[in-house]
Structures are given as C-alpha cells and as structure tokens.
Student: 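Sharing a structure with you now.
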Amino acid sequence: MNTDDLLNQPLESVRDDGFSVGVVRRLCKAEQRMRFIIWGLLALGLAPFFAVLPFLDIGLDMGIALTPQTTQFLNNQVAYPLGVLVALFWVWKPRFSRL
Amino acid sequence: MNDAASAERRAAAGDVAAFGLLVRQHQSSLRGYLRRLTRGNHALADDLAQETFLEAYRKMAQFQGQGSFAGWLYAIAWSRFLMETRKRKLEPLDDADEGSGPQSDPHLKLDLEKALAMLRPPERSALTLCFALGMPHEEAAQVMNLPLGTLKSHVARGRAKLKTLLKDHAP
C-alpha cells in the first residue's frame, strides 16, 4: 500500500460514549449561568433605583388621583345599568341554577 | 431542505436539541481529526473537541451557510488547537523539531499515525483534511486560514516527508 492510499483511509471512527450528551449538558449549564449573570447584573443595576425612587408614593398618588375620576365614571355611565343587571340576575338566579 | 441544514438553521436560532444532533453527527470525525493533531492524546483531543463545539454554539449565528458546517467546525478546532499549543507549549510550530524524527530510533517500526505524529502540525492538519477527510484544497486552506499556495506546499512537504518516513522504516 503506498503513502497516498494510507493517507486516503478515513479517520478511525470514534465512539460517542456520552460525549454528545456531555457537550449538550455543558452547553445547558453555560446557558443557565449566562442567564443568571445577565439577570443578576440587571437586578444589580436596577436595585439603586428601587431603593431610591419613591415608588410607593407614586402608586399612592396615582390611586388618589384616579379614584374620583373612576367613581365619577361609574356614577354616570355604568352604575345604573350595572345595578339593573345585578337585580335581574338575582331574580333569575333560580332558573340559572336549574339549567 | 435536508435534515442537516434544518438542524443547522434551528441551532443558529438557539435550539440546543438541534445543536445536539449536529454534535452527534460530527463528533467522530472532529475528535478523530483532533486526535491526529494532538498526536494521539485522546483526553486533550476530547477537551478541545468539547471546547470547539461550545464555541461553535456561541458563534452559530455567525455561520452563514457559506461552505460546509464541517469545514467551519474544523476551522474552530484548528484555531483552538493552535491556541492550546501556544498555551501549553505542546510542540513547536516552527521547524525546530525536525530531525528529532525516526532517526532517533532506527529500529522503530512506523505506522501511519506514528509517522504523521512526526510531522509539523500544519502538515499533519493539511494532510488529514485533504486526504482522510477528503476536503478540496480551497476548503482546507480556509479551515487553516492559509493562502492556497501555502496549504499546497504543506501538503506536498508533508507527503514527501511521510513517504521517506514510511519507506525508511518499512518492516
């Protein structure tokens, strides 16, 4: 057999023996670690804002500002029809329960 | 679209399971190639193969489908091997080790693997890519990031050395 014939022989087949599974497992771990780092850094970066900014007060202020408008809307537009619907449902409730 | 191309596309989109298919498909030839490069050091070859696949997954989006996926994978493996060689000083990449070949033991009976192990890494890689893996010279040159002429001279020089080694030490 000459040199070229020897060289042309295909590479010896290497049995997997869990190699592929190991690679995929390492890949998943690396992905998980990366995700953890990214979210960790994001949380770390945002932490000062949560600590410093008065989010609770903002929520309270918004609630106070919105409540009268909501109440007014309910009074004018929805309250009467809603009351009628509830009353009708109350009357027809036995029929619904029999169905 | 065939299964391999579909797996490549899904892997590029971050599908780990699809990438697992590609690993299973290419692990044997890639590990075989790296075993040759590392002169039969199976543990190191497998470490390098694993790193190659991990790097391939990270860079998967960069694989545009120009050229074969296998070629792209071998290119990563070759650069990983070179980095490892420099880091560990496994063997010099220049001609300094020439002469420390079979002459040191005239009774040594050589087989192909042993003879290849005596060549310089670029010659070993070029011969393996072009012969055992059947790659065209152009693709092998891309894998090794060399000009075509340089690759051809690695092939010619490696083959000539190999002929001498095998002839001198035939039983």
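Note on naming: letters A, B, ... go to the chains in the order of the sequence lines (proteins, then strands), and numbering restarts at 1 for each one.
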Student: Calculate, to the nearest 0.5 Å, the distance between atoms CG and CG belonging to B:Leu166 and A:Asn2 respectively.
Tutor: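 If we round to the nearest 0.5 Å, B:Leu166:CG and A:Asn2:CG are 10.0 Å apart.
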Student: Quick one: pull up OG1 in B:Thr128 and CG in A:Leu7 and give me the separation to the nearest 0.5 Å.
Tutor: 8.0 Å
Student: With sequence neighbours excluded, what pairs up with A:Arg25 under the side-chain contact (heavy atoms from CB on, under 4.5 Å) test?
Tutor: A:Val21
Student: Of the non-hydrogen atoms in A:Phe19 and B:Arg31, which two are nearest, and what is the gap between them?
Tutor: CB-NH1, 3.4 Å
Student: In Å and rounded to the nearest 0.5 Å, what is the CG to CG distance from A:Leu6 to B:Leu127?
Tutor: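 If we round to the nearest 0.5 Å, A:Leu6:CG and B:Leu127:CG are 12.0 Å apart.
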Student: For B:Leu54 and A:Val23, work out which heavy atoms get closest and say how close.
Tutor: CD2-O, 4.1 Å
Student: Among residues at least two apart in sequence or on other chains, which ones pass side chain to side chain donor-acceptor pair (under 3.5 Å) with B:Arg159?
Tutor: A:Asp4
Student: Please determine, among A:Leu27, A:Asn8, A:Val24, the option with the most heavy-atom pairs under 4.5 Å with chain B.
Tutor: A:Leu27
Student: Is B:Arg36 in contact with chain A via its backbone, its side chain, both, or neither, using a 4.5 Å heavy-atom distance?
Tutor: side chain
Student: Would you name the heavy atoms of B:Gly32 and A:Leu11 that are closest together and state the gap between them?
Tutor: C-CD1, 3.7 Å
Student: Is there a chain of hydrophobic side chains (I, L, V, M, F, W, Y, each step under 4.5 Å between heavy atoms) that links B:Leu21 to B:Val16?
Tutor: no
Student: Surrounding CD of A:Glu31 (heavy atoms of other residues, nucleotides or ligands, distance under 6.0 Å), is the total greater than 12?
Tutor: yes
Student: Taking distance alone, no hydrogens or angles, what donor-acceptor pairs closer than 3.5 Å link side-chain atoms of residues 68-75 of chain B to residues at least two apart or in another chain?
Tutor:
from    : atom 1 : to       : atom 2 : distance (Å)
B:Ser68 : OG     : B:Gly71  : N      : 2.9
B:Ser68 : OG     : B:Glu139 : OE2    : 2.6
B:Tyr74 : OH     : B:Ser29  : OG     : 3.0

Student: Please determine whether side chain to side chain contact (heavy atoms under 4.5 Å, CB included) holds for the pair A:Asp16 and B:Ser28, giving the CA-CA distance in whole Å, both sets of side-chain angles, and the decisive distance to 0.1 Å.
Tutor: CA-CA 7 Å; A:Asp16 194 308; B:Ser28 177; over 6 Å; no
Student: Give me the contact list for residues 32-41 of chain A versus chain B, heavy atoms only, anything under 4.5 Å, ordered by residue number.
Tutor: none
Student: At a heavy-atom separation under 4.5 Å, does B:Leu116 approach chain A through its side chain, its backbone, both, or neither?
Tutor: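 Only the side chain of B:Leu116 comes within 4.5 Å of chain A.
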Student: Below 4.5 Å, heavy-atom pairs only: which of B:Phe19, B:Tyr57, B:Tyr33 has the largest tally toward chain A?
Tutor: B:Tyr57
Student: By a 4.5 Å heavy-atom criterion (distance strictly below it), what part of B:Leu133 contacts chain A: side chain, backbone, both, or neither?
Tutor: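 Only the side chain of B:Leu133 comes within 4.5 Å of chain A.
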Student: Can you name the nearest heavy-atom pair linking A:Val14 to B:Gln27, along with the distance?
Tutor: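 What the structure gives for the nearest pair is O-NE2, 3.2 Å.
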Student: Say you draw a straight line from CD of B:Glu113 to CD of A:Glu12; how long is it, rounded to the nearest 0.5 Å?
Tutor: 7.5 Å
Student: So what's closer than 4.5 Å to chain A heavy atoms on B:Ala49: side chain, backbone, both or neither?
Tutor: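 Both the backbone and the side chain of B:Ala49 come within 4.5 Å of chain A.
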